[in-house]
Amino acid sequence: MGLGVLDDTKLQHVPGTATLEDDIQRADAAYNGRLKHDKSGIILVPQPSDDPNDPLNWSLWRRDLILFVLSLLSVIASTLSPLLAANTLTLALHFGRTFTAVALLTGYHLLGVGIAGFIFVPSARVWGKRHLYLLGTVMLIVSSAWGGASGRNYASLLWARIFQGVALAPFEALVNASVGDLYFVHERGKRMALSNLALFGGAFFTPVLVGKITHTIGWQWTFYMIAIFAGALLPVVVLFVPETAFRRDDHLNTDTATTDNRRLEVGGQELDTQGATHSQHSSIEEPAHDASVRHLKSDYPNSSVPAKASFAASLLPFNGRKTDENFFKLLLRPFPLFLHPGILWACLIQGTMIGWTVMIGIVLAAIMLGPPLWFNEVKTGYMYTGAFVGAILGFMLAGVLSDWSAKLMTRRNRGIYEPEFRLVLVLPQLLFGCAGLYGFGITSANTARYGWFWPDFFFALEVMGMVLGAVASALYIVDAHRDLAVEAFTCLLVFKNIFSFGLTWSGYGWLVRYGIKGPFMAIASVQVVVCALTVLMYVFGKRNRSFFARHDILRMVHLR
């Protein structure tokens with residue numbers, strides 16, 4: 001048992017488990033140093049190929065630049081979901097509709113995200129992610145301009161919101177998976193926190209600006225400004241975001257293999273992870289593509305090493321298939337994966353907290369605009385300042401804890417890394433998130449006594465919990481089930497958006513019928529139970545990974 005994670009007796013190596021450190025006292029001398037590793041001695045997982053077009057061979061600054069551009073776009077795209085949060089009363093009066101009808105402008109938008117994700121994700125598996133990032137940016141521009149020009153046509157704005165959801169889908173579904181494409185296991189923690197900050201954190205600052213923009217120049221300009229900023233970023237995406245998906249030989253994916261006898265070709269030698277050499281070719285070091293990584297020179301003939309792609313070639317939206325699998329089989333894959341305990345756990349940890357955040361948005365619109373506070377759209381928008389601060393603090397905490405805790409636990413586990421070590425982030429999610437839900441329900445139900453500050457404070461705590469859960473679930477999926485990461489993120493995307501859609505459909509009705517405190521006491525208690533499931537996932541996670549490595553659920557239903 002490694003720090004409470006039950007060992008598996010069925011497989012020599014369980015997918016996801018990895019050796020991240022050269023431990024001289026534990027490793028065979030022939031093994032030590034033969035695998036590619038960084039200067040600090042951490043073995044690179046997965047192992048990079050000798051192909052210069054492999055993203056893992058790109059310099060760290062280039063990989064970070066790609067992630068930075070995708071994160072900027074994610075900030076712009078993620079503003080779409082809460083775009084109308086501060087404008088509920090304004091739009092209700094403008095269109096002569098009920099609060100529920102205005103809430104459904106966000107609900108159907110979220111439904112558009114979920115449905116588009118089903119189509120975009122298999123497309124990403126077959127042809128890569130670049131064409132979808134380009135398509136998403138273009139749709140972001142067009143649908144936002146359309147929304148601003150809707151005038152008094154509610155149906156036109158509704159369809160614009162749906163297509164804005166389609167535009168958001170590539171970023172929400174694929175950016176976290178791109179982190180898995182671009183970085184080794186030990187590099188992912190802070191980068192995953194950054195990508196999730198972009199996807200979720202920026203969204204909470206949106207209503208702060210939207211309220212002021214609406215009050216000053218009209219709600220239409222909230223749409224037009226997104227179109228303008230997205231238009232400015234389009235050439236940056238074209239020039240600086242190449243394809244991140246790469247067809248790497250299976251023997252290099254040391255984290256997803258199912259046996260310890262994973263044969264690697266390093267420096268012309270064929271060796272397994274026990275360090276046994278299978279040929280007598282010599283190996284020497286060559287200058288690394290990234291100075292922080294030690295690469296070993298290959299003895300392959302020069303003709304067998306692909307040439308580095310030109311800059312012009314990197315501008316193309318497609319650069320070949322990334323898998324030979326059937327598109328329609330890939331389209332159906334997410335459905336059976338909802339039965340996978342690890343993926344279902346991630347859906348619950350991330351999706352429920354996001355849904356409760358949407359629920360809080362409905363409450364803010366309902367209670368702040370009426371007595372006793374009588375907020376206008378500007379003050380209602382300012383209520384999201386607490387949520388934004390909570391998001392920043394949550395991602396700072398996640399960024400500090402994610403890699404630090406994983407490395408500490410790996411050292412304590414004698415150099416063996418288990419993906420379940422990522423689940424410790426759920427502890428602060430339980431502390432902050434559930435306290436935020438309970439506190440918000442109590443204080444927002446009596447604003448005459450508590451005013452606006454305490455609901456805003458507890459909203460910040462809830463968002464801190466939400467982002468910690470988002471980072472924990474995303475890291476666990478990438479590290480434990482990297483071969484299924486794209487489909488797993490589709491499951492997360494669909495679950496959280498359909499769940500949130502359901503809350504926009506019925507949430508306001510619950511508040512009218514039952515008040516504020518009762519529903520929030522119930523959902524906070526549900527979240528406690530959801531967080532408690534993490535104990536089972538932590539203890540039995542490795543055996544779960546082993547079971548599904550031996551009983552491939554996709555092969556059982558003939559989708560692999």
Side-chain angles (χ1 to χ4, degrees), residues 75 78-79 81-89 103 106 193 196-215 222 350 352-370 372-399 428-471 500 503 507 511 516-517 519-521 523-524 527:
V75 168
S78 66
T79 63
S81 296
L83 190 62
L84 308 181
N87 289 340
T88 301
L89 180 60
T106 298
N196 277 279
L197 174 61
L199 283 168
F200 298 113
F204 294 109
F205 194 63
T206 302
V208 178
L209 299 176
V210 165
K212 185 63 176 176
I213 293 170
T214 299
H215 186 75
T222 61
Q350 182 178 125
T352 53
M353 285 296 282
I354 291 174
W356 309 143
T357 307
V358 172
M359 185 79 171
I360 289 178
I362 297 172
V363 174
L364 284 178
I367 68 173
M368 298 301 170
L369 295 169
L373 298 177
W374 297 108
F375 277 13
N376 59 17
E377 64 267 16
V378 178
K379 290 183 178 179
T380 303
Y382 288 164
M383 287 293 295
Y384 278 82
T385 304
F388 179 68
V389 172
I392 296 295
L393 293 176
F395 284 111
M396 288 175 61
L397 185 60
Q429 181 196 31
L430 173 65
L431 176 64
F432 294 116
C434 295
L437 287 170
Y438 281 119
F440 184 86
I442 293 169
T443 57
S444 62
N446 191 355
T447 53
R449 176 181 178 182
Y450 296 104
W452 63 267
F453 174 79
W454 287 110
D456 204 28
F457 173 80
F458 286 113
F459 190 12
L461 291 186
E462 190 273 342
V463 171
M464 282 186 68
M466 187 206 76
V467 297
L468 285 162
V471 173
S500 298
L503 291 176
L511 301 178
I516 297 172
K517 184 176 179 180
F520 271 91
M521 295 302 99
I523 65 176
Q527 191 60 42

To check you understand the geometry: which heavy-atom pair defines the closest contact between [X] and [Y], and what is its length?
{"X": "Phe432", "Y": "Gly465", "result": "CB-N, 4.2 Å"}
{"X": "Pro428", "Y": "Leu397", "result": "CB-CD2, 4.2 Å"}
{"X": "Ile516", "Y": "Gly441", "result": "CG2-O, 4.1 Å"}
{"X": "Pro455", "Y": "Met368", "result": "CB-CE, 4.3 Å"}
{"X": "Gly355", "Y": "Ser500", "result": "CA-OG, 3.6 Å"}

Measuring from [X]:[atom1] to [Y]:[atom2], what's the distance to the nearest 0.5 Å?
{"X": "Phe440", "Y": "Ile523", "atom1": "CZ", "atom2": "CD1", "answer": "9.0 Å"}
{"X": "Thr443", "Y": "Phe457", "atom1": "OG1", "atom2": "CZ", "answer": "10.0 Å"}
{"X": "Thr222", "Y": "Leu209", "atom1": "OG1", "atom2": "CG", "answer": "10.5 Å"}
{"X": "Met359", "Y": "Thr352", "atom1": "CE", "atom2": "OG1", "answer": "13.5 Å"}
{"X": "Glu462", "Y": "Ile360", "atom1": "CD", "atom2": "CD1", "answer": "4.0 Å"}
{"X": "Leu437", "Y": "Met353", "atom1": "CG", "atom2": "CE", "answer": "5.0 Å"}

Kindly indicate whether the side chain of Ile442, heavy atoms from C-beta on, has any atom under 4.5 Å from the side chain of Phe520. no

Could you check if a side-chain atom of Thr447 sits within less than 4.5 angstrom of a side-chain atom of Pro372, using non-hydrogen atoms only? yes

Q.
Is the distance between the ring centroids of Phe459 and Tyr384 under 6.0 Å?
A. yes

How far apart are the C-alpha atoms of Lys212 and Tyr382, what are their side-chain angles, what is the distance that settles it, and do they pass the side chain to side chain contact (heavy atoms under 4.5 Å, CB included) test? CA-CA 9 Å; Lys212 185 63 176 176; Tyr382 288 164; 4.1 Å; yes

Would a distance-only check, ignoring hydrogens and angles, find a side-chain to backbone donor-acceptor pair under 3.5 Å from Ser78 to Val75? yes

In terms of relative ring orientation, are Phe458 and Trp454 parallel, tilted or perpendicular, with 30° and 60° separating the classes?
tilted

(Q) Between Trp452 and Lys379, is the side chain to side chain contact (heavy atoms under 4.5 Å, CB included) condition met? List the steps. (A) CA-CA 10 Å; Trp452 63 267; Lys379 290 183 178 179; over 6 Å; no

From the list Ile392, Val467, Val471, side-chain contact (heavy atoms from CB on, under 4.5 Å) with Leu197 holds only for Ile392

- Query: Yes or no on side chain to side chain contact (heavy atoms under 4.5 Å, CB included) for Val210 and Leu83, after CA distance, side-chain angles and deciding distance?
  - Reply: CA-CA 7 Å; Val210 165; Leu83 190 62; 3.8 Å; yes

*Between Trp356 and Gln527, a side-chain donor and acceptor under 3.5 Å*: yes

